[in-house]
Amino acid sequence: MKYSVPYNQDNILSISITYDEYPDGAHGNAWIDTYNYNLLKAKQLSLKDVITDQKQLGKINKNIREQMIARNKKDLNSGLKSSNL
């Protein structure tokens with residue numbers, strides 16, 4: 001596990017934590033969790049706290065979903081190709 005602080009200004013703190021796990025051998029999994037905080041309010045921030053325009057928030061959420069779907073398809077196709085070798 002590793003962490004970084006990509007943003008720490010104007011009482012906003014962002015912490016990214018990278019996890020690595022190797023449950024069954026050499027091919028591991030890695031993921032990053034990012035947490036954002038308003039230090040003055042002692043509150044964790046969500047995307048809707050930062051993007052207040054509902055139309056923009058909808059566009060961002062749509063883009064995130066599309067990227068996740070594309071990444072999952074890529075991972076699935078990559079797994080199928082390697083198992084057919």
Side-chain angles (χ1 to χ4, degrees):
M1 179 172 68
K2 299 175 187 174
Y3 78 94
S4 66
V5 179
Y7 191 86
N8 187 8
Q9 296 179 29
D10 304 320
N11 294 302
I12 302 296
L13 174 67
S14 180
I15 300 169
S16 292
I17 303 172
T18 303
Y19 300 90
D20 294 305
E21 75 176 6
Y22 297 90
D24 293 323
H27 299 289
N29 298 313
W31 67 96
I32 300 172
D33 287 335
T34 301
Y35 303 94
N36 302 291
Y37 298 95
N38 179 321
L39 298 177
L40 288 178
K41 295 181 180 180
K43 176 185 172 194
Q44 185 173 354
L45 298 173
S46 68
L47 187 58
K48 67 182 179 181
D49 294 322
V50 179
I51 309 295
T52 56
D53 180 300
Q54 291 300 310
K55 188 174 180 180
Q56 283 298 102
L57 184 60
K59 288 180 182 180
I60 291 168
N61 280 329
K62 181 181 177 196
N63 186 277
I64 290 169
R65 277 192 300 277
E66 289 171 354
Q67 288 183 32
M68 291 173 71
I69 290 167
R71 185 175 303 139
N72 286 338
K73 285 181 181 178
K74 180 182 172 190
D75 290 347
L76 179 62
N77 289 337
S78 175
L80 292 175
K81 288 178 184 173
S82 64
S83 64
N84 292 332
L85 294 177

**Request:** Could you tell me which non-hydrogen atom of Leu47 sits nearest to which non-hydrogen atom of Asn61, and how far apart they are?
**Result:** CD2-OD1, 3.8 Å
**Message:** Tell me the closest heavy-atom pair linking Ile51 and Gln56, and the distance in Å.
**Reply:** CG2-CB, 3.9 Å
**Item:** Linked hydrophobic residues, Ile15 as query - side chain contacts closer than 4.5 Å
**Value:** Met1, Tyr3, Val5, Leu13, Ile17, Tyr19, Trp31, Tyr35, Tyr37, Leu39
**Other ILVMFWY residues reachable from Leu40 by side-chain steps of under 4.5 Å** = none
**Message:** Set out, in order, the CA-CA distance, both residues' side-chain angles and the distance that settles side-chain contact (heavy atoms from CB on, under 4.5 Å) for Ser14 and Asn8, then state yes or no.
**Reply:** CA-CA 6 Å; Ser14 180; Asn8 187 8; over 6 Å; no
**Message:** Just to verify, which of Met68, Lys62, Glu66 counts as forming a side chain to side chain contact (heavy atoms under 4.5 Å, CB included) with Ile64?
**Reply:** Met68
**Request:** Starting at CG of Leu57, measure out to NZ of Lys48 and round the result to the nearest 0.5 Å.
**Result:** 8.5 Å
**Minimum-distance pair of heavy atoms, taken over all atoms of Lys43 and Asp49** = NZ-OD1, 3.4 Å
**Fill in**
d(Lys41 NZ, Ile12 CD1) to nearest 0.5 Å is 8.5 Å
**Request:** Quick one: closest heavy-atom pair of Pro6 and Ser16, and the distance?
**Result:** CG-OG, 3.7 Å
**Prompt:** Does a salt bridge link Lys2 with Asp20, judged by any charged N lying under 4.0 Å from a carboxylate O?
**Reply:** no
